[in-house]
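Just below is one structure, and these are the notes that go with it.
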Protein chains: 2
Amino acid sequence: MQNHTPLREQLSEHLRQNGLKNTRQRQVILDAFLSSERHMAIEELLAAVQNRMSGVGHATIYRTMKLFTEAGIAHERRFGDGQTRYEPVFEGEHHDHLICEKCGLIVEFEDQLIEDRQEVIAASKGFRLTSHQHDIFGHCLDTAACAARKRKRR
Amino acid sequence: MQNHTPLREQLSEHLRQNGLKNTRQRQVILDAFLSSERHMAIEELLAAVQNRMSGVGHATIYRTMKLFTEAGIAHERRFGDGQTRYEPVFEGEHHDHLICEKCGLIVEFEDQLIEDRQEVIAASKGFRLTSHQHDIFGHCLDTAACAARKRKRR
DNA sequence: TTACTTGCAAACCTTTTGCATATTT
DNA sequence: AAATATGCAAAAGGTTTGCAAGTAA
């Protein structure tokens, strides 16, 4: 489990520095976002937020997640299924993703070999690397668990 | 320069096997697609096609590019800018992309080290790999050329 | 009190679909 | 002649925006 205090402070700092306000909605969305499992899609987040505070509009969620992204506490992820997902940014942490095309399971991976290699490639092609997205698609080897997840999703 | 004959034959074969028709529109779209530079966005493709045959609707482009993808002669690519791009699939070839966030330049790369590493990672996480998308974002080191491209794009 | 936020609805953009008409085989 | 394809316009799905009303500082 991660410590969320730095992220909360980072957001407060961002609000302060930009003359933005710490509204009740932003608090509730932050709580839902941080206590969520990772890779939450907008729809899931909206549902979680409305659980705690009904009446929050989807425009607010969109706007707030953009704000969190600008504040550096959230990363936007798109895995090609038309859903935008967000995950908390923990300092010094970077990972990429494996996605099961059958059940939608998302698993994280980190690989220093690939990270380093990318720098070499970027330089050799005349680029300065700023970021990357590396998604590996496949199928779960554990087909029973995969099928169960798939059933649960509908 | 690549030889397009195999791709043309592969499409003909796909049409034949599925009882689909070789229409004038499909020929024109295929020509535009193959003679294009790679990574053509739908909009660009539509413009190129309408140059040769006006009146072609966008629905036809969308439907046809899906058809080409099913026939295995096109790959769909999304780099997160809201545009869907297509590129020809040449046999035995695989590559990923570097994208300049300033000018939009897309450069291809191939790296066997990374390819192999992905297999290891997938297996270690309980996945069987089927495909991947690996995009490296950055900035051109050649800032003059980059600025020129950026200007040209608007 | 002033400036920023929210919620609603409408607008947007890209992609898909229904349907009558046209084209290929 | 039968079946597939096209073009149009409408629909769909996700995201953004204008604006009047609400809220934080």
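Keep in mind that the numbers below use all heavy atoms, side chains included, and drop hydrogens, waters and symmetry copies.
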When rounded to the nearest 0.5 Å, the distance separating CD of B:Gln118 from CG of A:Asp96 is 9.5 Å
By ring-ring contact (aromatic ring centres under 6.0 Å, His included), B:Phe137 pairs with (sequence neighbours left out) none
Contact check, residues 53-60 of chain B vs DNA chain C, heavy-atom distance under 4.0 Å, returns B:His58, B:Ala59
The residue, B:Leu67 or A:Arg78, whose nearest nucleotide of DNA chain D is more 5′ is B:Leu67
| query | Taking B:Gln133 for the side chain and B:Arg78 for the main chain, is one N or O donor matched with an acceptor at less than 3.5 Å? | reply | yes
So the contacted stretch of DNA chain D, first to last nucleotide with an atom under 4.0 Å from a non-hydrogen atom of chain B, runs from D:dA3 to D:dC8
Rounded to the nearest 0.5 Å, the CG atom of A:Leu45 sits from the OG1 atom of A:Thr84 at a distance of 11.5 Å
For residues 72-93 of chain B, the ring-ring contact (aromatic ring centres under 6.0 Å, His included) pairs (sequence neighbours left out) are B:Phe79-B:His97
Tracing side-chain contacts under 4.5 Å among Ile, Leu, Val, Met, Phe, Trp and Tyr outward from B:Val89 reaches none
DNA chain C: first to last nucleotide in contact with chain A (atom under 4.0 angstrom from a heavy atom), 5' to 3', is C:dA3 to C:dC8
Quiz: residues 55-71 of chain B side-chain donor-acceptor pairs under 3.5 angstrom, not counting sequence neighbours:
{"from": "B:Thr64", "atom 1": "OG1", "to": "B:Thr60", "atom 2": "O", "distance (Å)": "2.6"}
{"from": "B:Lys66", "atom 1": "NZ", "to": "B:Glu76", "atom 2": "OE2", "distance (Å)": "3.1"}
{"from": "B:Thr69", "atom 1": "OG1", "to": "B:Met65", "atom 2": "O", "distance (Å)": "2.8"}

Hits for salt bridge (charged side-chain N to carboxylate O under 4.0 Å, His left out) against A:Arg128, two or more places apart or cross-chain, chain-then-number order -> none
Sorted by number, residues from residues 39-49 of chain A placing a heavy atom under 4.0 Å from DNA chain C are none
Cluster membership besides B:Leu141, Ile/Leu/Val/Met/Phe/Trp/Tyr side chains within less than 4.5 angstrom, sorted by chain and number, is none
So that I know where these two stand, are A:His134 and A:His95 an aromatic pair - ring centroids less than 6.0 Å apart?
no
Worksheet item: Using a distance-only test with no angle check, is there a side-chain donor-acceptor pair under 3.5 angstrom linking B:Asp31 and B:Gln27?
Response: no
Expected list for residues 15-26 of chain B near DNA chain D, using heavy atoms below 4.0 Å, is B:Gly19, B:Leu20, B:Lys21, B:Thr23, B:Gln25, B:Arg26
*asked:* Strictly distance-based, threshold 3.5 Å: is any side-chain N or O of B:Ser54 a donor or acceptor partner for the main-chain N or O of B:Gln50?
replied: no
Between the CZ atom in A:Arg38 and the CD atom in A:Gln2, the distance rounded to the nearest 0.5 Å is 6.0 Å
Would a single hydrophobic cluster contain both B:Ile99 and B:Val107, if residues Ile, Leu, Val, Met, Phe, Trp and Tyr are joined by side-chain heavy-atom contacts under 4.5 Å?
no
Please set out all donor-acceptor pairs under 3.5 angstrom arising from side-chain atoms of residues 11-24 of chain B, sequence neighbours excluded.
{"from": "B:Ser12", "atom 1": "OG", "to": "B:Arg8", "atom 2": "O", "distance (Å)": "3.1"}
{"from": "B:Glu13", "atom 1": "OE1", "to": "B:Arg16", "atom 2": "NH1", "distance (Å)": "2.4"}
{"from": "B:Glu13", "atom 1": "OE2", "to": "B:Gln17", "atom 2": "NE2", "distance (Å)": "2.8"}
{"from": "B:Thr23", "atom 1": "OG1", "to": "B:Arg26", "atom 2": "N", "distance (Å)": "3.2"}

